[in-house]
There are 2 protein chains.
Amino acid sequence: MATSGDHLVLIIEDEQPIRRFLRASLTNEGYRLNEAASGEEGLRVAASYPPDLVLLDLGLPDIDGQQVLRRLREWLAAPIIVLTARDQEQQKINAPDAGADDYVTKPFATGELLARMRTALRHAQPAGPQSSAVCIGDLRFDLAARLVFKRESLIHLTPLEYKLLVTMLKHAGKVLTHRFLLREVWGPESSQETHYLRVFVASLRRKLEDDPARPRYLLTEPGVGYRFAAE
Amino acid sequence: MATSGDHLVLIIEDEQPIRRFLRASLTNEGYRLNEAASGEEGLRVAASYPPDLVLLDLGLPDIDGQQVLRRLREWLAAPIIVLTARDQEQQKINAPDAGADDYVTKPFATGELLARMRTALRHAQPAGPQSSAVCIGDLRFDLAARLVFKRESLIHLTPLEYKLLVTMLKHAGKVLTHRFLLREVWGPESSQETHYLRVFVASLRRKLEDDPARPRYLLTEPGVGYRFAAE
DNA sequence: AACTGTCTTAATGAAATCTTGACGCCCCCC
DNA sequence: GGGGGGCGTCAAGATTTCATTAAGACAGTT
């Protein structure tokens, strides 16, 4: 019987033959699989279905594999094993620094890969109850990891956008005056600069709302301030 | 018998002897424990198992203890007690500003630490989601959130409408003269403009009363002013 | 030095709110 | 019966506030 314990593995690999080979080997071992043929897709899938382990090919067509690695590591605790071709051997040296847990040179033996996967999974965090997430509507806030999701897809926020959003979230349901928000986010000396708020609320709406012109979460209280809809 | 009420305590401390000492003292008192030997690990564990109290050593090897404090405070409401070595005494001054609830200088007596922990836990969230709501008839006023409901549905009020309504609510049951209301809401220089009052009382009635022509809450006192029905 | 991402600032049109005036009603007094 | 004052309603500007876009400033990186 398989010893994989039903782990979900994400394969990010552009070459279809290798994907097919991995699919055969791993499903046979009892792993559940997700596959992505590009870096962008990999990031998207990882955000939607957080994997227990990632197999990442560094030689991707669209964006730099190293960058995928970094962006995954920003929030994903699961182990990442890098697949690297022999002629990319120099890159191997960089991989561990950038957050990979192990690397395997192509071509590789099935047994070796499986062994390294088992090791990585054993060393991994005992996968506690993922996170302290707050859900409102189709938004999910993982405050500890500083991540915001909309319907399972990760939303990128700039530092100030994030700070403003968290401030409103902490007082969800209440009307917050312009002055209060400006003091909290920008500091007391900017408490008159209401146009800062307008710009940043607009950009948050563009990222979080289905219809930014008719917001569901970030509501305007004309003449007073803003309010984050409690539910 | 322990008085800890089964609280979960997270210890973020790199020096193993101190961790061991704390483990002995605290488990003996009936606390449940989580331990982390670095800042990064502390943040991760806190996210996975939200603690009721955090003991944080500021002298950590990987990332600045102050930064750990800030990042915890972004989302964690539980009290945080900072442990600081005597030679880091200057940092103590900054700690409270950055969100610590208390600090203890190493070396410390067990009794003192336990006392401070009890205090912190007692002070934690003394009040739940205290709804400072006032109900009158089928109206509900949540002054903290600046929201007004009529039979569970939210009523939108403009700034002046709201200010007028709150002024009348503060003196509910009493007859308020035109001059008084105008001074309170519009300022002393508009105390003759009784016309303002008529317009805004009318618009409040339209929004709050079942039958604006026969008001139940916003009553006219002919020749004198208005009165908000006490009940 | 160019680049990337972020923040500030300015400018424009749109929306909401406030002010103001006109009109009708009712009651009471002349 | 007529007239006047207090009150309620409506609606048209005038004013303030808001949303959106885009261009410049700035910092950190490559």
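Below, each value reflects all heavy atoms present in this structure, side chains not excepted, and no hydrogens, waters or symmetry copies. Residue numbering restarts at 1 for every chain, and letters A, B, ... go by the order of the sequence lines.
- Distances from the side chain of A:R198 to the nucleotides D:dA19, C:dA22, C:dT9 place D:dA19 closest.
- Comparing D:dC18, C:dC7, D:dC7 by their closest approach to the side chain of B:T220 singles out D:dC7.
- Here B:T194 lies out of heavy-atom contact (under 4.0 Å) with every strand.
- Side chain to side chain, A:T220 and A:R205 meet the donor-acceptor criterion of an N or O pair below 3.5 Å.
- Taking the six-membered ring where the residue is Trp, B:Y226 and B:H178 present perpendicular rings, their angle passing 60° and hence far from 30°.
- For A:P159, counting side-chain heavy atoms from C-beta on, the closest listed nucleotide (C:dT20, C:dT6, D:dT21) is C:dT6.
- Note on A:V199: a base of the nucleic acid sits closer than 4.0 angstrom, heavy atoms only.
- Ring-plane geometry between A:Y217 and A:F228 is classed as parallel, the angle between the planes falling under 30 degrees on a 0 to 90 degree scale with a further cut at 60.
- Residue A:L160 has its side chain nearest to C:dT8 when only C:dC18, D:dT9, C:dT8 are considered.
- Heavy atoms of B:Y226 sit under 4.0 angstrom from primed sugar atoms or phosphate atoms, though from no base atom.
- Contacts of A:A78 classified as side-chain contact (heavy atoms from CB on, under 4.5 Å), with partners at least two apart in sequence or in another chain: A:L76.
- Comparing C:dC7, C:dC18, C:dT6 by their nearest atom to the side chain of B:T158 picks out C:dC18.
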